[in-house]
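Each remark here refers to the structure printed beneath this line.
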Amino acid sequence: MLMTEHLGTYQLPPVQARVARLVEFYQTIRAHVIASETEGFISPAGLYKPNVLLSTSAGRTTWTITRK
């Protein structure tokens with residue numbers, strides 16, 4: 001159950017829009033982490049390292065959740 005459902009504010013369009021943006025942000029970060037792990041490699045020391053180029057591109061995506 002979402003906190004907004006508990007508070008009864010889920011019906012409000014601004015709340016729905018904000019929750020949608022948060023879910024979109026979460027899914028984007030999750031996709032970048034999965035891709036980074038999938039495209040990783042074995043280092044010379046024998047450790048598996050994720051592809052940092054894929055994980056840092058998520059940080060470059062500009063997401064602003066501003067208060068109105």
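Checked by atom type and distance alone, the side chain of S36 never pairs as donor or acceptor with a backbone atom of H32 at under 3.5 Å. Of the possible donor and acceptor atoms, none in the side chain of E39 sits under 3.5 Å from a partner among the backbone N and O of P50.
A single hydrophobic cluster is not seen to contain both I34 and F25; linkage of ILVMFWY side chains at heavy-atom distances under 4.5 Å, directly or through other members, places them apart.
Residues I42 and Y48 approach most closely at CD1-CD1, 4.0 Å, considering heavy atoms.
The distance from the CD atom of Q16 to the CZ atom of R21 is 15.5 Å, given to the nearest 0.5 Å. Taken to the nearest 0.5 Å, the CD atom of Q27 stands 12.0 Å off from the CG atom of L22.
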